[in-house]
There are 2 protein chains.
Amino acid sequence: MGGNTPSRRIRADAERSTARILEAAETVLAEDANASLERIADAAGLARATVHRRFASRTALLDALAEQLSRRYLLGLAEARVETAPPLIALHRLTEIVFDLKLSHRFAVQLSAAITPAVLDGLDLLFARLRDTGAITAVDPAWCRRVYLALLHEVHDLPADSTTLASSATGDETEAKVDLLVRTALGALGGSHDATTALSLT
Amino acid sequence: MGGNTPSRRIRADAERSTARILEAAETVLAEDANASLERIADAAGLARATVHRRFASRTALLDALAEQLSRRYLLGLAEARVETAPPLIALHRLTEIVFDLKLSHRFAVQLSAAITPAVLDGLDLLFARLRDTGAITAVDPAWCRRVYLALLHEVHDLPADSTTLASSATGDETEAKVDLLVRTALGALGGSHDATTALSLT
DNA sequence: CATAACTGAAACACCACTGCCTCATTTCGT
DNA sequence: ACGAAATGAGGCAGTGGTGTTTCAGTTATG
C-alpha cells in the first residue's frame, strides 16, 4: 500500500494537493459533517474537479482521512511508550498527544474507521497495565476505552474560561485539560484519588 | 402554546397522524439520522404528503421531536424530586428515568435542542446539591452535566454481555447499568468511593 | 346527514450534490 | 526548453431529497 508504482510517477504537485485537500476536509467537516466537496475544495483553494481527481469518491476521501488519523494514533501510542513506560506516565503522555490530534482532527476523530484494531489493542494494553499497578480498578478494557474516549471528547471542547480548568494555575490551557482528563478518567474507572494526585507532581 | 385555536378545529384524526409520524421518525432516524421524509412516512404507514401537512418542513419535525423529549426530561426531573430528595437518591432515580427515555428516544436524545434551559437548570441544581452534601467535589455544574451525559451515553449502549455489568448479580440489566453509571459519574466528579458504595444499599 | 377536515396518489418545480467530461493553461521534472 | 502531468473553468447528466399543488375519495363531527 505504501509503495510507489513506477509506471505512473506521481508529481510532487499532486501530492501537495492531496495533502491540502485532506487538511481542508478536516477543517470544513469539523463544522459540518455533511459539507459538500465544493466547500472542501474552496477551503483548499482548489477546484472541485481536482478533489475528484485525487479521490475517486467522497467515501474514498473519508477513508483516507480515517486512515491518516489511524496512523497518527499508532504513532502516538508508540511515542507514549504505552508498552514499557510506567502506565500513569504513559497515560499522561498519550493524552497530551491525542489532544494535539484532536485539535487538527476534530472531525476524523469521530470516524469509527479511524480506530483500527491495532489502535484498540494499544489502548487495551495501557488500561490493563493501569489496573495491574492499581491505578484503576475497572477490569473490562473495552469499558475503560469507552469512558476514556468519551471524557476526552468532553474535555476537549470545554470552553477555555471554564472554572473547572482553573485548578492548575500554570496558565497553560492544554496542560490543564490533560490534567483534568487524567484525573477524571482515573476517578471514573475506580482509581483512588491518591494515585491520581500523585501524578500531578510530574 | 397548549391552547386550541377554535377558529380551525383540529380533528382527532390529524392528531393521531402527528403522533404516528413522531413515533416513526424516532424509530427511523435512530438508525439513520439522515433518513428521508419518505422513509419516515412509510414507517408511519402514511403518505409523504401527510408528513408535510402535519409538519411544515423537515426542521419543524425535528424541532417537534426535540420539544417532545424536552417535556419528558422536565417530567423526569420532577419525578426524581431533584429539588427536594436526598441528592444521591435523586441522581439514582433520575438515571433510571433517563435510561428509559434513551431506549425510546435514541435519536432525539442527541438533539441539542432537547436540552432546554429549564432542563439544564434542573441538572445544575442536582449537581450543586450533590456537591453540598460532599458526594462530589467538582464545582462547575456545566462540567458535571457534560460528564454525566457523556457517561450516560456510553453506559447506555454497552453490550449486555459486558463483564463490567456483572458486578451486581441481580440479573436486572437496567439496574446494573444505573448502578454502574452512578458509580462512574461520582468517581469522575471527584466523589469518594465510600459515598458511592453507600448508595448501593438502597 | 351534511359539511368540513383529512388523506392518498401523483405530478411538478426546484435545488444541492456527485461524478464525469473536455479543453485551454499552468506547472513540474528532466 | 521540452513533454508529461496537473490544474481551473465550465458544462452536462443523473440522483435524491424537499416542498407544493391538485383532485378524488375517505372519515370525523356537529
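Given the structure is predicted, the values throughout are model-derived calculations rather than measurements. Worth knowing before you read on, the calculation uses all heavy atoms, side chains too, and leaves out hydrogens, waters and symmetry mates. Letters A, B, ... mirror the listed sequences (proteins, then strands); counts begin at 1.
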Novice: Could you give the NE2-to-P distance, from A/H52 to C/dG19, as a whole number of Å?
Specialist: 6 Å

Novice: Using 30° and 60° as the class boundaries, would you call the ring planes of A/F99 and A/H156 parallel, tilted or perpendicular?
Specialist: tilted

Novice: Would you indicate, yes or no, if C/dG8 has its OP1 or OP2 atom less than 4.0 angstrom from a side-chain nitrogen or oxygen of B/T50?
Specialist: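 B/T50 to C/dG8 OP1/OP2: side-chain N or O found under 4.0 Å.
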
Novice: Measure CG/B/L61 against P/D/dG19 and give the value in whole Å, please.
Specialist: 10 Å

Novice: A/R54 side chain N/O closer than 4.0 Å to the phosphate oxygens (OP1, OP2) of D/dT7?
Specialist: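 Answer is yes, contact under 4.0 Å.
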
Novice: Could you state the atom-to-atom distance from CD of B/E15 to C1' of D/dT27 in whole Å?
Specialist: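 That distance rounds to 16 Å.
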
Novice: Choose from D/dT18, D/dT21, C/dT7 the nucleotide whose nearest atom is closest to any side-chain atom of B/A49.
Specialist: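 In terms of side-chain proximity for B/A49, the closest of D/dT18, D/dT21, C/dT7 is D/dT21.
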
Novice: Check the distance between C/dA11's P and B/E38's CD and give it to me in whole angstrom.
Specialist: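 Distance check: B/E38 CD to C/dA11 P gives 14 Å.
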
Novice: Using only heavy-atom distances, determine whether the side chains of B/T116 and B/S70 contain a donor-acceptor pair under 3.5 Å.
Specialist: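 Checked: B/T116/B/S70 side chains pair up, N/O donor to acceptor below 3.5 Å.
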
Novice: Could one point to a donor on the side chain of A/R53 or the base of D/dG8 with an acceptor on the other under 3.5 Å away?
Specialist: yes

Novice: With a 4.0 Å cut-off on N to O distance, would you call B/E67 and B/R71 a salt bridge?
Specialist: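 Looking at B/E67 and B/R71, the cut-off is met.
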
Novice: Kindly determine whether A/R146 and B/D157 satisfy salt bridge (Lys or Arg N to Asp or Glu O under 4.0 Å), including the steps that lead there.
Specialist: CA-CA 10 Å; A/R146 295 176 68 136; B/D157 43 49; 2.6 Å; yes

Novice: By nearest nucleotide on DNA chain D, pick out whichever of A/T18 and B/T59 is the more 5' one.
Specialist: A/T18

Novice: Tell me, for nucleotides 24-30 of chain C in 5' to 3' order, what letter each nucleotide earns: B for a base near a protein heavy atom under 4.0 Å, S for only sugar-phosphate near one, - for neither?
Specialist: ---BBSS

Novice: For B/F55, which of B/L22, B/L37, B/L65 qualifies under side chain to side chain contact (heavy atoms under 4.5 Å, CB included)?
Specialist: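 Among the candidates, only B/L22 passes.
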
Novice: Consider the side chain of A/L37, meaning its heavy atoms from C-beta on, and name the nucleotide among D/dT7, D/dG19, C/dG19 that approaches it most closely.
Specialist: C/dG19

Novice: May I ask you to verify if any side-chain N or O of A/S17 is less than 4.0 angstrom from the OP1 or OP2 atom of D/dA6?
Specialist: no

Novice: To the nearest angstrom, how far is A/I40 atom CD1 from C/dG19 atom P?
Specialist: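 That distance rounds to 11 Å.
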
Novice: Which one, C/dG19, D/dT18, D/dT7, comes nearest to the side chain of A/R58?
Specialist: C/dG19

Novice: Assess whether a salt bridge exists between B/K177 and B/E173, defined as any Lys/Arg side-chain N lying under 4.0 Å from an Asp/Glu carboxylate O.
Specialist: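 Salt bridge: yes.
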
Novice: Donor-acceptor pair, B/T137 side chain versus B/G190 backbone, under 3.5 Å?
Specialist: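 Yes: the side chain of B/T137 pairs with the backbone of B/G190.
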
Novice: So A/R48, base contact, sugar-phosphate only, or nothing? Heavy-atom distance under 4.0 Å.
Specialist: base

Novice: For the pair made of CD1 in B/I21 and C1' in C/dG8, what is the distance, rounded to whole Å?
Specialist: 13 Å

Novice: Rounded to the nearest Å, what distance is computed from the CG atom of residue B/L46 to the P atom of nucleotide C/dG8?
Specialist: 5 Å

